[in-house]
Amino acid sequence: MPYFDAASAAPLHPVARQALLAALDEGWADPARLYREGRRARLLLDAAREAAAEAVGCRPDELVFTSSGTTAVHAGIAGALSGRRRVGRHLALSAVEHSSVLHSAAAHEAAGGSFTEVPVDRTGAVDPAAYGGVLRADTALACLQSANHEVGTEQPVAEVAALCAEAGVPLLVDAAQSLGWGPVPGRWSLLTASAHKWGGPAGVGLLAVRKGVRFAPQGPAGERESGRAAGFENLPAIVAAAASLRAVRSEAAAESARLRALVDRIRSVVAERVPDVEVVGDPERRLPHLVTFSCLYVDGETLLHELDRREFSVSSGSSCTSSTLIPSHVLKAMGVLSEGNVRVSLPTGTAGADVDRFLAVLPGVVAEVRERLGAPVAPRSTPPSPGPAASLVVDALGRRCPIPVIELAKVIGEVAVGATVTVLADDEAARLDIPAWCEMRGQEYVGEEPADLGSAYVVRRLG
């Protein structure tokens, strides 16, 4: 069964498995002890730290291992903010950061601090100048991911890091998605990553803090990992994480080129074979193994289930796949279609034949889901209504995505050119998907108005 969700968790690399099994026999003792077994464990821990630091591009004494990438993010942000509290309590971050960064920002605000989200363009990238523009005299920390976890867009880290350095603000880079492919460029100050993203075992994160960065670990003091990560080190997992990081780096150049060619094929074939689809993310400056696309008039949850029935494991940022009815904050920030969203992230070693079979199956699955929902087969093409422009109101209250957009598509041809259709909806995804539909269909999105029990989205027919 092809597994296409490496951005969530990559399959365990063979080197990680071998290192884990070996370390279970050799690295079970306390590395802080001076007896033979402890010294052996300490040698393994030191070797793992040196290997990880070499991959990150920092000194071994600047890097600690944590219990997860999320823990690394939380510890990194909290420690940096506390260490620079005399400067101020302002935090800068992009609007498409991982939820661990957003949760840290929310906690910081609840404790009396403040934060500013830097918007992104339609590809998901920040403008370095815009990022530099939010840095203030009281900015204690800036955060920017190296590459986005949902759409694969790489961020201009080096440019932003230079602006942060000029402003005297440390930059924390979440490199969870990119570290397996190569080091992060630029003058970053702190870096976090997660081993299960590159084929290491789950439960191991990295936190690197450059020398000279003011950092005050939060929480009860600990004796291990420079006091920045509490608890006994999971040494076998750490050894496996470092060994697999070195292994995937040695394979990265060749595998990156091979997977990029497969992803390019997905991007082009999906756009050719699936009607009414939007391939999102930067087409060039992106991770080599990840592609995301959204399909009009498709229930994302049903689409993923149907692909799973055909033995393809993919993920989605669509609100249709969750109980919250809130679309992905990444897709929302980009202003792109969220309904029928599919993220394909290919693990190392993915066979081209599996990708070809996926591309053969996908168009039929999308068509089947659309037919089940009663979606229009093709854009309505009716002549303008005679006489003065009329208007229509579509009541989609209480109906989940993509029904509000489907109902809009069904009736847009029934009003005269220049007339409007008002869609009443209480699904949060409508706020994103109706404007996206208008852009894809060449209609005018007039705006949103308050309405009883929801919102009224007004669309003007242009043709």
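Every heavy atom of this structure was used, including side-chain atoms; hydrogens, water molecules and symmetry mates were not.
- A donor-acceptor pair shorter than 3.5 Å cannot be found between the side chains of Ser189 and Arg210.
- Note that OG of Ser194 is 10.5 Å distant from CG of Leu179, once rounded to the nearest 0.5 Å.
- Under the 4.0 Å criterion applied to side-chain N and carboxylate O atoms, Arg265 and Asp356 are assigned as salt-bridge partners.
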**Study point:** Step-by-step side chain to side chain donor-acceptor pair (under 3.5 Å) determination, Ser146 to Ser178
**Key:** CA-CA 7 Å; Ser146 54; Ser178 73; 2.6 Å; yes

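- Using modelled atom types and a 3.5 Å distance limit, the side chains of Ser313 and Asp5 yield no donor-acceptor pair.
- Crowding of Arg246 atom CZ: a count of heavy atoms from other residues, nucleotides or ligands under 6.0 Å not exceeding 12.
- For the pair Arg286 and Asp264, the salt-bridge criterion is met [side-chain N within less than 4.0 Å of a carboxylate O].
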Practice item. Please lay out, stage by stage, how Glu26 and Arg40 fare under the test side chain to side chain contact (heavy atoms under 4.5 Å, CB included). Key: CA-CA 7 Å; Glu26 299 293 328; Arg40 185 185 301 132; 2.8 Å; yes

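- Salt-bridge formation is detected for the pair Arg258/Glu255: a Lys NZ or Arg NE/NH1/NH2 atom is positioned less than 4.0 Å from an Asp or Glu carboxylate oxygen.
- A salt bridge links Glu439 with Arg122: at least one charged nitrogen is closer than 4.0 Å to a carboxylate oxygen.
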Exercise for review: Walk me through it: do Glu251 and His13 pass the test side chain to side chain donor-acceptor pair (under 3.5 Å)?
Suggested key: CA-CA 12 Å; Glu251 305 162 355; His13 194 281; 3.2 Å; yes

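- By the neighbour-count criterion of 12 heavy atoms within 6.0 Å, atom CD of Gln218 is densely surrounded, having more than that number from other residues, nucleotides or ligands.
- In plain terms, the two heavy atoms of Leu290 and Asn148 that are nearest each other are CD1-O, 4.4 Å.
- The structure places SG of Cys401 at 11.0 Å from CD1 of Ile434, a figure rounded to the nearest 0.5 Å.
- Atom CG of Leu91 and atom CG of Asp138 lie 11.0 Å apart (nearest 0.5 Å).
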Practice item. Before giving the answer on side chain to side chain contact (heavy atoms under 4.5 Å, CB included), spell out for Leu262 and Phe358 the whole-Å C-alpha distance, their side-chain angles and the decisive distance to 0.1 Å. Key: CA-CA 11 Å; Leu262 292 178; Phe358 173 77; over 6 Å; no

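- A tilted orientation is assigned to the rings of Phe4 and Phe312, their planes being inclined by 30° to 60°.
- Here the closest heavy-atom approach between residue Leu432 and residue Ser338 is recorded as CD2-CB, 3.6 Å.
- The 12-atom threshold is exceeded at CZ of Arg136, counting heavy atoms of other residues, nucleotides or ligands nearer than 6.0 Å.
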Review point. After noting the C-alpha distance and the side-chain angles of Trp28 and Leu24, does the key distance pass the side chain to side chain contact (heavy atoms under 4.5 Å, CB included) rule?
Key: CA-CA 6 Å; Trp28 50 267; Leu24 287 172; over 6 Å; no

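- Atom CZ of Arg214 sits in a sparse spot, with 12 or fewer heavy atoms from other residues, nucleotides or ligands closer than 6.0 Å.
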Exercise for review: Walk me through it: do His90 and Ser114 pass the test side chain to side chain donor-acceptor pair (under 3.5 Å)?
Suggested key: CA-CA 5 Å; His90 177 249; Ser114 64; 4.8 Å; no

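- By the 4.0 Å N-to-carboxylate-O rule, Asp30 lies close enough to Arg33 to be salt-bridged with it.
- Inspection of the Glu150 and Ser328 side chains reveals an N or O donor paired with an N or O acceptor under 3.5 Å.
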